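Everything on this sheet refers to the single structure shown next.
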There are 2 protein chains.
Amino acid sequence: MGTDQTGKPSPSDETRPAKEGPVPSPAIRRLCLYLRELEGFLVQDRHTVSSKQLGQMLGLTDAQVRKDLAYFGQFGYPGVGYRVEELIARIRSILGTDRTWNAVLLGAGNLGRALLSYRGFFKKGFRIVAAIDCDAHRIGEQVGMTPGLRVLPLERLAEVIAQYDVQIAILCVPADAAQSLADRLVPLGIMGILNFAPVAINVPETVSVTSVDLAVHFEQLAFRISARQVAQEHGG
Amino acid sequence: MGTDQTGKPSPSDETRPAKEGPVPSPAIRRLCLYLRELEGFLVQDRHTVSSKQLGQMLGLTDAQVRKDLAYFGQFGYPGVGYRVEELIARIRSILGTDRTWNAVLLGAGNLGRALLSYRGFFKKGFRIVAAIDCDAHRIGEQVGMTPGLRVLPLERLAEVIAQYDVQIAILCVPADAAQSLADRLVPLGIMGILNFAPVAINVPETVSVTSVDLAVHFEQLAFRISARQVAQEHGG
DNA sequence: GCTTGTGAAACGTTTCACAGCA
DNA sequence: TGCTGTGAAACGTTTCACAAGC
């Protein structure tokens, strides 16, 4: 894997991208979790952490942690571990969360309003700059924590995206509205869609989509519980 | 370890299908998506579907769909495809959603209330039978759609779990409250925890945990967008 | 002692290719 | 023809084991 062209062993070189080769997508998911744990470490005034400690908190092996980080460079110190602040900065840079991202929320129903009120996104650098709904009853309602934030009609979508340089759309609409909204978002220059509608949406390859179907998580849990029960019956 | 908070390919997910051998955990996730698409098919009065059609709707190959289903037996018809009603029944049986599951929700904040109001879970057979919070201001508040459902104090947790035969707990509490609540749930006989708190929780192997960290999904989307932008710059 | 980074081996998952059937 | 089910090959990911460094 070490296609570090010349094999130059300088430990602190590239801030940005990575070495050659694709990064396992499970590694990306874990990177987010490492970051979460590291941020917790900072609060506890711990300034170094080993791959073993970090892995243990998430049920992973130390080798897994090291490999994941190694895809993006070398930033550990043998015999010491990783410096928490430095690793946080590196992971944020890798994930692209060392900048702020502006998002527009579509669908000010129960879930949409819950997301608008969640402070965690703000801390991570995500700003929901507008909420949009096509239900006339909801328009003008104040939502979220930002005092001035009110629900806007769908007609103002283009204006809002342009005005705030919005890159991300959060879809919290019913399943039957998701695709037509996605079709509307694409030509407006949106770069990514976080889709909470329980349906697959189709967009050009230039747009990234991440889907979160809450019912699917319930079902997966049901399966795990059922499988465990079956295993117990078989085992004794 | 019965938890999948990390995306670790849990080889310990001892799934006992019709045949021998473990089932890839990605296959389980896809099974939920197949079910979702199939339910949509029923509404459109389509009664058979091929692996190719099903895969196309989700961006998967036909071989993938067939393999996933084949882990649990053979229920397709060569030359025809799969019968929609039959396949729905089979997948529900596999996932354990051919029965109803009772859940208690802990933390009646914004997200908790949003989940209480979402009809999709009910349709899938999940019943949130009680909402619990330790904030005195919230106790007694009416939540969700069920007219009688009110927020109960934490003291009534054991009573509620026993009375309704609750198997699943939905954690919608702040990160710092999640672990202590999990510790409290385990001896009460809960079988699975759906954890929306942005922290890893530790429970005995007898309890299944599925974690959903909404901020992590934002971060993953940010990474995907950033990666695409970098790729475009390199490509031209 | 402790740690990281990393080839190589082991393991898991997906894709391929085709026999068999309607 | 069109489809499923499936062994085998290809590919992706994780774990192992250890050299090198603090």
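Remember, predicted model here, so these are calculated numbers, not experimental data. Reminder, nothing fancy here: chain letters follow the sequence lines and each chain counts from 1.
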Point to revise | Nucleic acid contacts - residues 42-53 of chain A versus DNA chain C, non-hydrogen atoms under 4.0 Å | key: A:Ser50, A:Ser51
Review point. Between D:dT14, D:dT4, C:dG5, which nucleotide has the shortest distance from any of its atoms to the side chain of B:Tyr82?
Key: D:dT4
Review point. Does A:Asp45 have any side chain to side chain donor-acceptor pair (under 3.5 Å) partners at least two apart in sequence or in another chain, and if so, which?
Key: A:His47
Practice item. Mind listing the closest non-hydrogen atom pair of B:Leu194 and A:Leu221 along with its distance? Key: N-CD2, 3.8 Å
Practice item. Please collect all side-chain hydrogen bond (donor to acceptor under 3.5 Å, both in side chains) contacts where either partner lies in residues 190-206 of chain A, sequence neighbours excluded, each pair once. Key: A:Asn195-A:Ser211
Revision key, fill the gap. Taken to the nearest whole Å, CG/B:Asp68 to C1'/C:dT15 is 12 Å
Point to revise | Atom-pair distance (CD on B:Gln64; P on C:dA17), nearest Å | key: 16 Å
Study note, to complete from the structure: By salt bridge (charged side-chain N to carboxylate O under 4.0 Å, His left out), B:Arg30 pairs with (sequence neighbours left out) B:Asp68
Exercise for review: Send over the distance from A:Ile28 CD1 to D:dT14 P, rounded to a whole Å.
Suggested key: 11 Å
Check your understanding: Rounding to a whole Å, what distance do you find between A:Leu69:CG and D:dT13:C1'?
Key -> 16 Å
Exercise for review: May I have all residue pairs that pass side-chain hydrogen bond (donor to acceptor under 3.5 Å, both in side chains) and include part of residues 88-99 of chain B, sequence neighbours excluded?
Suggested key: B:Glu39-B:Arg92
Taking N or O atoms only and anything under 3.5 Å, show me the protein contacts with nucleotides 18-22 of chain C, one pair per line.
{"residue": "C:dA22", "atom": "O4'", "partner": "B:Pro78", "partner atom": "O", "Å": "3.3"}

Point to revise | Side chain A:Gln167, main chain A:Asn102, donor-acceptor under 3.5 Å | key: yes
Check your understanding: Rounded to whole angstroms, how far apart are CG on A:Asp62 and P on C:dG5?
Key -> 12 Å
**Study point:** Atom-pair distance (NZ on A:Lys67; C1' on D:dC18), nearest Å
**Key:** 12 Å
Study note, to complete from the structure: In whole angstroms, the gap separating P of C:dT4 from OH of A:Tyr71 amounts to 17 Å
Check your understanding: Rounded to the nearest Å, what distance is computed from the CZ atom of residue A:Phe75 to the P atom of nucleotide D:dC22?
Key -> 18 Å
Check your understanding: Of all the nucleotides listed (C:dG5, D:dT14, C:dT13), which has the minimum atom distance to the side chain of A:Gln74?
Key -> C:dG5
Check your understanding: For residues 206-223 of chain A, which residue pairs qualify under salt bridge (charged side-chain N to carboxylate O under 4.0 Å, His left out), counting only residues two or more places apart or in two chains?
Key -> A:Asp213-B:Arg36, A:Glu219-B:Lys124
**Study point:** Of the listed nucleotides D:dT14, C:dG5, C:dT14, the one nearest the side chain of A:Pro26
**Key:** D:dT14
Exercise for review: State which residues pass side chain to side chain donor-acceptor pair (under 3.5 Å) with B:Gln56; sequence neighbours excluded, sorted by chain then number.
Suggested key: none
Please tabulate, for side-chain N and O atoms in residues 169-178 of chain B, each donor-acceptor pair with protein atoms closer than 3.5 Å (sequence neighbours left out).
none

